[in-house]
Participant: 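Let me give you the structure first, and then I'll get to my questions.
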Amino acid sequence: QAFWYDARQFPNCLKIHRFCQVCTCVVRMSAEVDGLVTHQSTEGSCVMHHCGFQRCAHTAVAQNKSSLKVRFLFWMLVAGLLLVALVLSRYSQRSAPSFAGWQHEELVAIKKSPCSNLGHNCNKTKCCKAAGTRCFEKEKGWAACKNECVPGPDPTDLYPSPWRCTPLGPRTPGHYVWPPPPKLQPWVRRKCSNISVSCLETRCCQDAGLACFQKNSGWAGCKTMCSDGPDPTDADNLPWKCKQLGGRTPGIAPPPSTAEWVSKLCAAKSENCVSNQCCRDPGHTCFQKNTTFAKCLHMCAKGIHLDDLDNWKNWTCKQLGGRTPGPVLTPKPQKLAPWVKDHCSDLHENCAFSKCCRDTKMQCFEQQLGQARCLYKCLANHTQFSHHHQCAIEAKGNTSEDCRYNGKTWTCRELGPRTLRSWSWPSLFCTHVMRLYSYEVDIVKLQLQQDQTFRGGIFACDQYAVYASDVAGGTLLGMGPYGPVRTRWFRSAPVWRSSDNTAANTLLFMNFWEAVRWDLQYKCCNWTIKADPDAVLLPDRLRRVLSYRMGSTNFITTCNKHFRFALMFGATEAISTQGLERYFWNENVCRSLPWQAWGEDKWMSICLQNLGVAPVFDGGLVGDNQCYGVDCRNHQHSAYHPFKDAKSWMSCYWTARR
């Protein structure tokens with residue numbers, strides 16, 4: 001019988017290596033268990049062996065006590081240590097394996113596993129099981145599977161020693177699924193730098209969401225992100241090299257503030273920023289078109305820009321400096337340059353040369369070298385381009401039968417920008433608040449898979465946004481009319497039962513509206529619409545109704561059944577921009593209401609009325625089963641609720657559109 005001890009649980013044991021434990025063989029023996037050999041030499045010396053499990057190498061020390069009294073005391077000590085080990089094993093973060101109780105079949109299964117799991121040593125396997133990860137070396141003998149690795153200290157690692165980040169094998173195919181936020185290790189507070197001092201020596205940061213970036217040979221600072229050139233959040237306008245010196249500290253960083261010199265030295269949106277390399281307007285970055293011209297933009301895609309008044313020459317989109325803090329104040333409709341009508345291609349023309357499309361919602365996708373067409377989405381397996389996602393994901397080199405068209409495989413490579421649709425009147429900014437781990441995801445994704453003729457859901461609005469509190473970094477849901485659709489994070493909050501036996505989710509939606517406030521996207525449009533994902537929304541009908549309610553500070557109530565006054569039911573909420581801004585300016589008044597026993601729709605209805613926002617009742621706006629009932633054949637409704645799976649949601653949409 002062999003007993004194995006964890007050196008970190010038993011400090012009296014000699015630690016011969018960071019990841020190795022000293023083990024004591026209490027009975028003189030020579031045994032073999034699936035290749036794990038423990039024995040004592042004739043001289044009584046210890047023999048080293050490698051167990052091949054996780055990251056442990058063990059030394060067997062033979063003990064043979066002739067005295068009965070010593071044996072009795074030793075066994076009592078062993079029993080006590082095993083009891084302590086049983087308790088401490090639950091709290092050990094990176095404990096060594098205990099072989100007591102392991103069956104032979106379990107050891108064989110682990111030994112035969114070809115690649116390593118997250119948290120295990122991949123130094124020998126040099127491959128990882130988790131999709132999207134790769135084996136990176138920290139030091140000789142130890143490597144781990146990670147999505148990305150930056151040389152230097154890693155604040156999520158148990159030990160502060162730096163990582164080499166040498167890749168030891170190929171990346172595992174697939175999309176990386178972000179795990180729960182990693183725990184900040186205790187050594188970070190002791191050894192890393194705060195935001196006000198240089199991190200050139202420590203190469204790590206104390207504050208959440210920050211990483212250490214080098215500015216020059218004498219200074220490095222803790223920042224959320226860094227681009228070569230002047231940084232609008234820095235104390236001066238001297239350029240940064242932006243070499244990252246270590247890993248990012250877990251957590252969400254506070255928003256940075258703009259330095260005073262930015263308003264004096266940086267360029268405006270209408271100016272050439274090639275010499276300044278910084279931008280005056282919030283949320284903008286200086287992007288280069290060529291060596292003589294650059295412009296302050298929110299984002300930049302390589303290739304031609306349809307709003308470029310000069311010509312259709314390609315932009316390099318090289319970033320010249322850091323982003324000025326703050327969001328873009330107001331999204332605006334795309335203004336096409338005059339040359340688009342003559343230069344860009346029609347639906348049935350080869351757009352390989354022009355790389356742009358004349359028709360709205362269309363984008364130029366490559367079929368083969370020299371051949372391209374204007375399409376809404378390149379998800380091809382026939383002339384109608386059905387929704388086969390692998391074509392777009394794998395792009396060039398895809399040989400799948402489902403991607404073949406006329407005997408040739410489409411590369412689906414994007415050759416130019418999308419020609420955006422024009423906005424309608426009144427303009428709508430539509431939002432979802434959704435849970436990523438629920439049926440709501442399937443409903444939203446199915447909408448994003450439709451073609452350009454689809455006119456339902458929030459993605460048919462002039463502007464849209466999807467909010468979720470599940471994942472801080474956002475989750476990609478699919479491709480919308482304006483490109484990739486990712487969730488926006490807002491702070492979660494507990495939900496309980498309300499006095500009406502519904503969800504008392506007011507605190508959660510307080511946080512949601514706070515996120516909408518700071519994003520500022522609502523300023524783009526005449527109305528803000530909050531629609532539940534299980535509500536079938538028809539924006540075209542909604543615009544007709546709201547066009548008669550323009551010019552006032554108001555909101556729409558939709559149900560007065562069983563209530564003393566009409567409420568704005570949460571399935572579809574319509575608030576004018578003036579009404580929403582009045583709430584944002586007087587938010588504390590609404591937070592002082594006795595909201596704890598209310599649902600968010602009741603709270604918002606009472607809140608807006610208390611602030612002087614006029615309620616306008618329209619009982620036919622929403623067909624809601626929780627009020628007057630729902631009938632998708634009733635063409636007077638602008639929304640229908642609830643439909644809690646993708647199939648029934650889409651069935652109601654097509655019924656309502658007939």
Participant: What I'd like to find out is whether the side chain of E514 reaches to under 4.5 Å of the side chain of E587, using heavy atoms alone.
Facilitator: yes
Participant: What's the verdict on disulfide bond (SG atoms under 2.5 Å apart) for C286 and C296, showing C-alpha distance, side-chain angles and the deciding distance?
Facilitator: CA-CA 4 Å; C286 182; C296 290; 5.2 Å; no
Participant: Heavy-atom distance under 4.5 Å between the side chains of H635 and R541, does that happen here?
Facilitator: yes
Participant: State, yes or no, whether a side-chain contact exists between C607 and W595 at a heavy-atom distance under 4.5 Å.
Facilitator: no
Participant: With a 4.5 Å cut-off on side-chain heavy atoms, are C344 and L306 touching?
Facilitator: yes
Participant: I'd like to check T285 versus F287 (side-chain heavy atoms, cut-off strictly below 4.5 Å). Are they in contact?
Facilitator: yes
Participant: Has K445 got a side-chain atom pairing as donor or acceptor with G478's backbone, closer than 3.5 angstrom?
Facilitator: no
Participant: What is the minimum heavy-atom distance between W649 and G457, and which atoms define it?
Facilitator: CH2-N, 4.1 Å
Participant: When you check the gap from the basic side-chain N to the acidic O, do R488 and D519 get nearer than 4.0 Å?
Facilitator: yes
Participant: Is the ring pair H305/W315 parallel, tilted or perpendicular, if the boundaries are 30 and 60 degrees?
Facilitator: parallel
Participant: Any heavy-atom pair between the side chains of N511 and S469 that's under 4.5 Å?
Facilitator: no
Participant: Check whether any side-chain heavy atom of L476 sits under 4.5 Å from a side-chain heavy atom of P484, and report yes or no.
Facilitator: yes
Participant: Check C278 against C266 for me: are their SG atoms closer than 2.5 Å?
Facilitator: yes
Participant: Answer yes or no for C364 and C356: SG-SG distance under 2.5 Å.
Facilitator: no
Participant: Aromatic ring centroids of Y522 and F429 under 6.0 Å?
Facilitator: no
Participant: Could you state the interatomic distance from NE2 (H641) to CG (L537), rounded to the nearest 0.5 Å?
Facilitator: 12.0 Å
Participant: Please determine if K523 and E581 form a salt bridge, counting it only when a charged side-chain N lies under 4.0 Å from a carboxylate O.
Facilitator: yes
Participant: Counting only N and O atoms by type, is there a donor-acceptor contact under 3.5 Å from the side chain of T324 to the main-chain atoms of C279?
Facilitator: yes
Participant: Is a side-chain donor or acceptor of Q450 paired with a backbone partner of L446 at a separation under 3.5 angstrom?
Facilitator: yes
Participant: Between the side chain of N526 and the main-chain N/O of S427, is any donor-acceptor distance below 3.5 Å?
Facilitator: yes
Participant: Under 2.5 Å between the SG atoms of C374 and C351: is that the case?
Facilitator: no
Participant: For the pair S424 (side chain) and R543 (backbone), establish whether a donor and an acceptor sit closer than 3.5 Å, ignoring hydrogens and angles.
Facilitator: no
Participant: Can you establish whether the number of heavy atoms outside W518 located under 6.0 Å from its atom CH2 is more than 12?
Facilitator: no
Participant: Could you tell me whether the side chain of T249 and the main chain of G209 form a donor-acceptor pair under 3.5 Å?
Facilitator: no
Participant: Please round to the nearest 0.5 Å and tell me the distance separating atom OG1 of T360 and atom CD of Q334.
Facilitator: 10.0 Å
Participant: Looking only at heavy atoms, which two atoms of L508 and R491 are closest? And how far apart?
Facilitator: CD1-O, 4.3 Å
Participant: Is it true that D540 and R455 make a salt bridge, defined as a side-chain N closer than 4.0 Å to a carboxylate O?
Facilitator: yes
Participant: Are the ring centres of Y653 and F454 closer than 6.0 Å?
Facilitator: yes
Participant: Would R549 count as a cation-pi partner of F555, with NZ or CZ less than 6.0 Å from the six-membered ring centre and within 45° of the ring normal?
Facilitator: no
Participant: So, D281 side chain and K269 main chain: donor-acceptor pair closer than 3.5 Å or not?
Facilitator: yes
Participant: Can a donor-acceptor pair be found, under 3.5 Å and without considering hydrogens, that links the side chain of T419 to the backbone of C357?
Facilitator: yes
Participant: Has R517 got its NZ or CZ under 6.0 Å from the middle of the six-membered ring of Y583, at an angle within 45 degrees of the ring axis?
Facilitator: no
Participant: As a quick check of understanding, evaluate side-chain contact (heavy atoms from CB on, under 4.5 Å) for H637 and Y640, giving each step before the final call.
Facilitator: CA-CA 7 Å; H637 297 318; Y640 307 85; 3.6 Å; yes
Participant: Salt-bridge test for K647 and D442: reply yes if a basic N is under 4.0 Å from a carboxylate O, no otherwise.
Facilitator: no
Participant: Find out whether L336 and D307 are in side-chain contact, i.e. whether some heavy atom of one side chain is under 4.5 Å from a heavy atom of the other.
Facilitator: no
Participant: Indicate yes or no: does D631 engage R633 in a salt bridge with an N to O separation below 4.0 Å.
Facilitator: yes
Participant: Is a side-chain N or O of N586 found less than 3.5 angstrom from the main chain of V589, in a donor-acceptor match?
Facilitator: no
Participant: Indicate yes or no for a side-chain donor-acceptor contact from E440 to the backbone of P533 under 3.5 Å, with no hydrogens or angles considered.
Facilitator: no
